[in-house]
Amino acid sequence: MQLVYFAWVRTRIGKDAETLAVPAGMMTVSELLDWLAVRSPGHAAALEDRSAIKVAVDQQFAGPDTSIAGASEIAIFPPVTGG
Amino acid sequence: MQLVYFAWVRTRIGKDAETLAVPAGMMTVSELLDWLAVRSPGHAAALEDRSAIKVAVDQQFAGPDTSIAGASEIAIFPPVTGG
Amino acid sequence: MTLSAFGARLQEDSFDAAAEQAALLAGRSDLGAAVSFTGLVRADHGLIALTLEHYPAMTLAQIQAIAADAAARWPDTIGTIIHRHGRLLPGEAIVLVTTASPHRAHAFAAAQFLMDWLKTKAPFWKREEWADGTTRWVDAKGSDDNAAERWLAE
Amino acid sequence: MTLSAFGARLQEDSFDAAAEQAALLAGRSDLGAAVSFTGLVRADHGLIALTLEHYPAMTLAQIQAIAADAAARWPDTIGTIIHRHGRLLPGEAIVLVTTASPHRAHAFAAAQFLMDWLKTKAPFWKREEWADGTTRWVDAKGSDDNAAERWLAE
C-alpha cells in the first residue's frame, strides 16, 4: 500500500511517501493511523493530534471508519488551507 | 416650485421640467400628485397608476405623506432600473 | 467608517475593471480577498442599444449614501463603484462594484449589498432600443426589491 | 448541468483575471451579471513568500467535483476556476473564481459556493516564509468550515 504525506505531516514524518505492507486484517483508516503512529518518533509526532489529521483513500476524503481494504493509495495530511 | 420628470413620466408629460406655482395649503406629495394629474392628458397618463410613481423631494426619496412645504425641487419618476 | 472607503463615480465612458481593482488593492497590504461585480447590457437578439437616463442632481449623492452605509457595515472593507449613463451597446458594461477586504465574506457581502441597493435606490432608468424601431422602458423587478430588503433585517 | 459549465485549471503561472472573464462572457449572449473573486497573498510585514503544496493526483479532480456541484445548483451560470500552486510572493493572486449568469444573485452565489468549498475541500496547504528565516504552515480556519457547511442545509 502506498502512503503519501503532505504539509506538516510530511515534514514531521520526514518523507513524502512510503510503500508499506500493512498487516492482514487491518480494516479502517483509524486502525491504520494507530499502526503508523508507533513506527517512528516522526510518525508519532505527525499523528499525535488525531483531530488535526485528514485522510484520503484512493483520492477520496475518508473518515476514521472508512475501509482501507483494497486501497492503492492512502494520503495523510492536515486540514487543507488553499483558496 | 421646480418639477422634474424622468423616464416614462417625462415622455408621457412631454417635458423634462416645469416651474409651477402650487396652491397655498398644499401640504403633501400625495396632494401634489392629485393636483398635477388633472393639468393635462399627459400628466393624467403619467400619474394614472400611482403605485408605479416614485417621488423625491429636494433629492430625497419621499412617500405619499411626505411634506412638500418649502421644497425647491420635486422629482417624479417610475421605479428605478439602474445597476 | 468613512465615505472615502468606498469611492463612487458616475461617467459616460467605459471603465477598466482590472485597473480599478488594481488601484483599490494598491492602497493596503492586509487585503486577501477581492470581489468584482460587473453588470452588462445583455446581447439579446434584436436589442440595438440601452440608454441609461439618470437624475444628475441626485445620482452621485445617492450612490455615496449607499457607499457610506456599506462602509459602516464592513469597516475593514474598501471598494469602488462606477455607474455609467448614456447610450450603451449590447455586451457593454453598465456598472462596476469592486471590493477588497481581509475577509472573503466581507468582500462578497459588501459587493452584494452595494448592487442590491444600487438596483433599488440609485435614480437610473433604462430604455431599450430594438431592431424593429420600437423603444421600451425597462420595468423594475420585484426580485430587486426583495434582494435589497433582506439587508434591512440584519 | 455539465462539467464544462465551470472550467477548472491548476497552474503555477499567474493568470489574467480580466482575460478569463472576457473569455467566459464571449460564450453566451444572455449574461447580465459577472462576478470575480480573487484570493491574494497578503502583504503582511515580514512575509517573504507563500508556497502552496498540493496533492497532484487528487487536486484537479476535487476542484472539478466542486465545479460540477455548482453547475447542478445554478444551471444558468457558467464559470472558470484557476488555482495556483508553488511559491508566490506577497500581493500575488492565488486563486480566481469568475462566474457569469443572467441573474446577479446566481453569479454571486456560485462564486461564494465555489470559494467556500475550495477552502475546505481542495487539497492545498500553505507554507509561509518569514523574513526572520522561519517557516510556518498556515492553520485551517473554523470560519471556513462554517462557511462551507451553510450550503449543506440549502
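Quantities reported herein were computed from a predicted structural model and do not represent experimental measurements. Below, chain A is the first sequence line, B the second, and so on; all start at residue 1. Below, all heavy atoms of this structure are taken into account, side chains as well, without hydrogens, waters or symmetry copies.
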>> Between C:N146 and C:R150, does the side chain to side chain contact (heavy atoms under 4.5 Å, CB included) criterion hold? Intermediate values first, please.
In response: CA-CA 6 Å; C:N146 295 341; C:R150 77 195 153 105; over 6 Å; no
> Rounded to the nearest 0.5 Å, how far apart are CD1 of D:I66 and OG1 of D:T120?
Replying inline: 6.5 Å
> Between C:A67 and C:L114, what is the shortest heavy-atom contact and its length?
Replying inline: CA-CD2, 4.0 Å
> Are any of the side-chain heavy atoms of D:L60 and D:Q64 separated by less than 4.5 Å?
Replying inline: yes
> Which atom names give the shortest non-hydrogen contact between D:T59 and D:H54, and what distance separates them?
Replying inline: OG1-ND1, 2.7 Å
>> If you compare all heavy atoms of C:K121 against all heavy atoms of C:Q62, which two are closest, and at what distance to 0.1 Å?
In response: O-CG, 2.8 Å
>> With no hydrogens and no angle check, just 3.5 Å: does a side-chain donor-acceptor pair link D:W117 and D:D69?
In response: no
> Is any residue of residues 124-141 of chain C within less than 4.5 Å of chain D by heavy atoms, and which ones?
Replying inline: none
> Listed by residue number, which members of residues 41-52 of chain D have a heavy atom under 4.5 Å from any heavy atom of chain C?
Replying inline: D:R42, D:A43, D:D44
> Is the shortest heavy-atom distance from the side chain of D:R84 to the side chain of D:R9 under 4.5 Å?
Replying inline: no
> Contact part of D:D116 toward chain C, heavy-atom cut-off under 4.5 Å: side chain, backbone, both or neither?
Replying inline: both
> Would you call D:T80 and D:I82 a side-chain contact if the rule is heavy atoms closer than 4.5 Å?
Replying inline: yes
> Pick from D:A147, D:S36, D:G39: which one has the most heavy-atom pairs with chain C under 4.5 Å?
Replying inline: D:S36
Could you go through residues 23-32 of chain D and list every donor-acceptor pair under 3.5 Å that involves a side-chain atom there, pairing it with any protein atom two or more places apart or in another chain?
{"from": "D:R28", "atom 1": "NE", "to": "D:D30", "atom 2": "OD1", "distance (Å)": "2.8"}
{"from": "D:R28", "atom 1": "NH2", "to": "D:D76", "atom 2": "O", "distance (Å)": "2.7"}

> Which pair of heavy atoms, one from C:A33 and one from D:F37, lies closest together, and at what distance?
Replying inline: CB-CE1, 3.6 Å
> Backbone N or O of D:S14 within a donor-acceptor pair of the D:Q11 side chain at under 3.5 Å?
Replying inline: yes
> Where do D:R73 and D:F113 come nearest, in terms of heavy atoms and distance?
Replying inline: NE-CE1, 3.3 Å
> Under 4.5 Å, heavy atom to heavy atom, which residues of residues 85-107 of chain C contact chain D?
Replying inline: C:P102, C:R104
>> Please give me the minimum heavy-atom distance between D:F6 and D:A110, naming the atom from each residue.
In response: CZ-CB, 4.2 Å
